[in-house]
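Model, not experiment: these values are computed from the prediction. We count residues from 1, following the sequence as given. Just so it is clear, the values below take in all heavy atoms, side chains as well, and ignore hydrogens, waters and symmetry mates.
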Amino acid sequence: MVLCPECDAEIDVDEGDVDEGDSLSCDECGADLKVTSVSPLELESEDDLEDEEEEDSFTGDDDDEEEEEEEDEDWK
């Protein structure tokens with residue numbers, strides 16, 4: 001049993017029947033949910049996940065690429 005992150009309703013889900021990334025919906029509020037963890041079972045609103053992805057794209061999250069370039073320069 002897990003709670004809907006939108007309305008806190010109990011969602012009857014067998015943890016063995018879902019995998020990370022699976023989509024579910026809340027029977028109470030109709031929210032589209034995504035399984036973000038299976039141990040422990042955690043759900044997040046797909047709208048929230050989309051918002052986070054959009055924020056990442058706006059910030060130009062290229063820090064990893066810059067770090068890799070710096071590491072390459074150190075080896076030369």
Side-chain angles (χ1 to χ4, degrees):
M1 187 90 44
V2 67
L3 297 179
C4 172
E6 295 293 315
C7 70
D8 292 326
E10 291 184 355
I11 299 175
D12 187 20
V13 177
D14 185 358
E15 293 181 24
D17 290 343
V18 294
D19 294 315
E20 192 169 321
D22 284 356
S23 295
L24 304 171
S25 63
C26 176
D27 293 333
E28 293 294 319
C29 70
D32 293 322
L33 309 170
K34 188 158 285 222
V35 177
T36 56
S37 172
V38 291
S39 183
L41 183 58
E42 294 179 3
L43 302 175
E44 191 167 335
S45 167
E46 287 195 10
D47 290 338
D48 290 345
L49 289 172
E50 288 174 4
D51 290 344
E52 288 174 12
E53 289 173 5
E54 287 177 11
E55 287 174 10
D56 287 346
S57 67
F58 289 134
T59 60
D61 225 2
D62 294 334
D63 293 340
D64 292 338
E65 288 179 20
E66 290 175 12
E67 289 176 15
E68 287 176 11
E69 288 175 10
E70 288 174 10
E71 288 174 10
D72 288 344
E73 289 174 7
D74 291 342
W75 285 100
K76 292 180 182 178

- request: Take E10 and L3 through the test side chain to side chain contact (heavy atoms under 4.5 Å, CB included) and record every step on the way to the result.
  value: CA-CA 5 Å; E10 291 184 355; L3 297 179; 3.6 Å; yes

Ignoring hydrogens and angles, write down the donor-acceptor pairs under 3.5 Å from the side chains of residues 35-45, residues two or more places apart or on other chains.
| residue | atom | partner | partner atom | Å |
| --- | --- | --- | --- | --- |
| T36 | OG1 | E42 | O | 3.3 |
| S37 | OG | P40 | O | 2.8 |
| S45 | OG | E6 | OE2 | 3.4 |
| S45 | OG | D47 | N | 3.2 |

For residues 21-34, run the donor-acceptor check on the side chains, cut-off 3.5 Å, and write out each pair with its distance to 0.1 Å, sequence neighbours left out.
| residue | atom | partner | partner atom | Å |
| --- | --- | --- | --- | --- |
| D22 | OD2 | D19 | N | 2.7 |
| S23 | OG | E46 | OE2 | 2.8 |

task: Using a 4.5 Å cut-off on heavy atoms from C-beta on, say whether the side chain of D12 contacts that of M1.
output: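 When only atoms from C-beta onward are counted, D12 and M1 do touch, with a gap below 4.5 Å.
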
